[in-house]
Amino acid sequence: MTAPDPRLSHGRVLKIALPILLSNVTVPILGAVDTAVVGQIPAPEPIAAVGVGAIVLSAIYWTFGFLRMGTVGLTAQAAGTGDRTEVQALLLRALLLGLAGGVLLILLQGLIFRAAFAVSPASAEVEAMARSYMGIRVWSAPAAIGLYGITGWLIAQERTRAVLVLQLWMNGVNVVLDLALVLGFGMGVEGVAIATFVAEWSGLAMGLWLCRAGLGGARRLSAAQVLDPRRLRHMAAVNGDILIRSLLLEAILVSFLLVGGRFGDVTLAANQVLLQFLMITAHALDGFAFAAEALVGQAVGARNLARLRRGAGLAALWCGVVAAVLGLVFWLGGAGLVRLMSADPQVQAMALTYLPWVMLTPLFQVAAMMFDGIFIGATRSGDMRNMMAVSALIYAGVLALALAPLGNHGLWLAFQVSFLARGLTLALRYPALERSVMA
């Protein structure tokens with residue numbers, strides 16, 4: 001077995017992970033700002049509308065999340081083998097796929113919205129507001145999806161400070177416009193949507209600038225290199241598996257929000273407030289999952305099992321530390337955060353009822369997040385697809401058994417079990433991943 005890379009240290013993992021952690025934490029914080037801004041309207045409908053609209057669009061966009069994940073694994077492995085030409089070609093492929101996907105969503109927006117609201121149990125007022133929100137935001141779909149490819153390409157090369165700069169730029173623009181359009185000009189839900197639309201297009205421009213060196217090299221590539229059939233088939237296979245996995249994961253997330261709507265607008269709004277805690281947790285832990293993606297991908301490219309184990313182990317250690325800290329923060333300050341995000345007394349009271357579930361989330365998510373990172377880096381996408389299918393079935397089974405007797409508590413129970421199932425099922429497949437590296 002090859003010796004591990006001596007440069008793989010705690011410092012290197014933190015250098016990769018901390019900018020991503022800071023970058024990712026700003027994403028759910030932005031969601032919390034959106035919620036807090038519309039929450040100043042003393043009614044539950046605007047919060048619920050932004051929640052429904054944002055979760056539906058995020059779910060649709062994240063069906064293209066394979067672009068971010070697949071680009072990390074493929075680019076990191078190309079970098080691990082020293083193939084700079086392929087590294088540059090992957091950037092162009094990711095951008096082309098992202099922009100094409102965004103245009104497709106714009107063309108199909110009417111059909112997509114009708115399908116989304118056909119299964120939504122929200123009230124007519126919430127649905128009307130959500131449609132207005134989504135109708136504005138969908139026009140930035142090419143930028144939002146193209147950014148997945150840019151982000152993955154940067155992470156694969158450990159350029160996480162650039163990712164932080166990109167996210168801070170986008171979220172800064174979004175927050176400033178949120179405050180100006182909603183609180184300053186009273187534009188309500190539409191103001192939140194316009195703020196995000198402008199932020200995403202400006203973010204794409206910033207991302208292209210950050211990748212300017214790679215784009216300069218990529219311009220010298222021939223069409224045959226960029227569209228190499230063998231490379232495209234491999235990319236399609238990896239991305240296809242990740243797409244199925246992402247669809248299953250998003251089905252769980254969307255069903256959580258929509259099933260919660262059965263209990264009324266107040267419960268729907270409360271779940272939306274608490275969902276911000278889960279997003280903060282996921283995005284914070286993702287920093288270390290992303291570190292695992294880059295380090296494992298490079299180790300697989302170099303066929304170095306010891307390097308793979310050390311990189312994955314160091315990332316998992318720090319992921320566990322951050323999860324414990326987040327759980328403590330939610331325990332001590334969760335009630336205050338709930339009150340900050342909603343001015344409606346009914347929503348506050350309902351959210352506090354289910355707050356204990358949120359306190360457990362960081363510890364439940366650790367294994368799922370870390371094994372996702374490891375398997376993405378190794379491009380073991382078939383295992384990810386299969387184990388996600390098993391986890392979704394477990395979630396559906398628990399939901400079917402617990403929803404009637406426990407109500408919204410049963411919904412939260414099923415949601416938490418889905419995290420545990422994802423981690424456990426991928427852990428069972430990890431030995432096969434190691435064998436594949438040395439095969």
Side-chain angles (χ1 to χ4, degrees), residues 9-36 58 62 65 68-69 71-72 76 144 147-179 195-196 199-200 202-207 209-211 275-295 311 314-330 332-334 337 340-341 358 361-362 365-366 368-370 372-373 376-377:
S9 62
H10 290 281
R12 183 174 174 185
V13 169
L14 292 174
K15 185 178 179 181
I16 299 171
L18 289 181
I20 291 294
L21 187 153
L22 295 174
S23 169
N24 283 353
V25 166
T26 66
V27 176
I29 286 176
L30 177 61
V33 170
D34 285 347
T35 301
S58 296
W62 194 239
R68 203 279 300 160
M69 292 182 279
T71 300
V72 172
L147 281 164
Y148 290 153
I150 288 174
T151 301
W153 191 80
L154 291 170
I155 291 170
Q157 298 172 88
E158 303 183 27
R159 291 185 57 192
T160 52
R161 290 182 183 177
V163 176
L164 175 59
V165 169
L166 176 59
Q167 200 64 59
L168 289 176
W169 168 265
M170 289 176 58
N171 291 349
V173 169
N174 206 332
V175 168
V176 169
L177 290 177
D178 258 351
L179 297 174
T196 305
E200 287 174 337
S202 69
L204 179 64
M206 173 66 77
W209 184 81
L210 291 169
C211 295
L275 200 60
Q276 304 311 312
F277 290 77
L278 272 72
M279 295 298 104
I280 290 171
T281 299
H283 285 84
L285 300 187
D286 242 356
F288 299 96
F290 285 10
E293 291 175 20
L295 296 174
L314 290 174
L317 172 64
W318 283 104
C319 187
V321 169
V322 171
V325 171
L326 283 173
L328 181 62
V329 169
F330 293 163
L332 295 175
L337 290 172
L340 180 65
M341 284 189 283
V358 172
T361 298
Q365 282 187 303
V366 170
M369 303 295 288
M370 285 311 307
D372 274 352
I376 288 168

Rounded to the nearest 0.5 Å, how far apart are [atom1] of [X] and [atom2] of [Y]?
X: Ile16; Y: Ile20; atom1: CD1; atom2: CD1; result: 9.5 Å
X: Leu14; Y: Thr160; atom1: CG; atom2: OG1; result: 10.5 Å
X: Leu337; Y: Gln276; atom1: CG; atom2: CD; result: 11.0 Å
X: Ile280; Y: Thr361; atom1: CD1; atom2: OG1; result: 11.5 Å
X: Leu204; Y: Ile150; atom1: CG; atom2: CD1; result: 5.0 Å
X: Leu285; Y: Leu326; atom1: CG; atom2: CG; result: 6.0 Å

(message) Per the side-chain hydrogen bond (donor to acceptor under 3.5 Å, both in side chains) rule, what does the pair list look like for residues 147-156, sequence neighbours excluded?
(response)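 As it turns out, there is no side-chain hydrogen bond (donor to acceptor under 3.5 Å, both in side chains) pair with a partner in residues 147-156 once direct neighbours are skipped.
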Taking all atoms of both residues into account, what is the closest heavy-atom pair of [X] and [Y], and its distance?
X: Pro362; Y: Gly327; value: CG-N, 3.7 Å
X: Ala294; Y: Ala76; value: O-CB, 3.8 Å
X: Trp169; Y: Ser202; value: NE1-OG, 3.2 Å
X: Val322; Y: Ala284; value: CG1-CB, 4.5 Å
X: Gly334; Y: Phe277; value: O-CZ, 3.7 Å

(message) Is there a side chain to side chain contact (heavy atoms under 4.5 Å, CB included) between Met206 and Met170? Walk through the geometry before answering.
(response) CA-CA 9 Å; Met206 173 66 77; Met170 289 176 58; over 6 Å; no
(request) Determine, stepwise, if the pair Val165 / Arg161 fulfils side chain to side chain contact (heavy atoms under 4.5 Å, CB included). (result) CA-CA 6 Å; Val165 169; Arg161 290 182 183 177; 5.6 Å; no
(request) Give a yes or no on whether a salt bridge exists between Lys15 and Glu158, defined as a side-chain N under 4.0 angstrom from a carboxylate O. (result)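 Judged by the 4.0 Å cut-off on N to carboxylate O distance, Lys15 and Glu158 do not form a salt bridge.
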For a 4.5 angstrom cut-off between non-hydrogen side-chain atoms, does [X] reach [Y]?
X: Leu147; Y: Leu166; value: yes
X: Leu22; Y: Gln167; value: no
X: Leu154; Y: Cys211; value: yes

(request) Would you sort out whether Gln365 and Met370 count as a side chain to side chain contact (heavy atoms under 4.5 Å, CB included), showing the intermediate values? (result) CA-CA 9 Å; Gln365 282 187 303; Met370 285 311 307; over 6 Å; no
(request) Take Thr281 and Met369, measure what side chain to side chain contact (heavy atoms under 4.5 Å, CB included) needs, and give me the verdict at the end. (result) CA-CA 10 Å; Thr281 299; Met369 303 295 288; over 6 Å; no
(message) Applying the side chain to side chain contact (heavy atoms under 4.5 Å, CB included) criterion to Asn174, which one of Leu177, Val176, Asp178 satisfies it?
(response)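 Running side chain to side chain contact (heavy atoms under 4.5 Å, CB included) over Leu177, Val176, Asp178 with Asn174 returns exactly one hit, Asp178.
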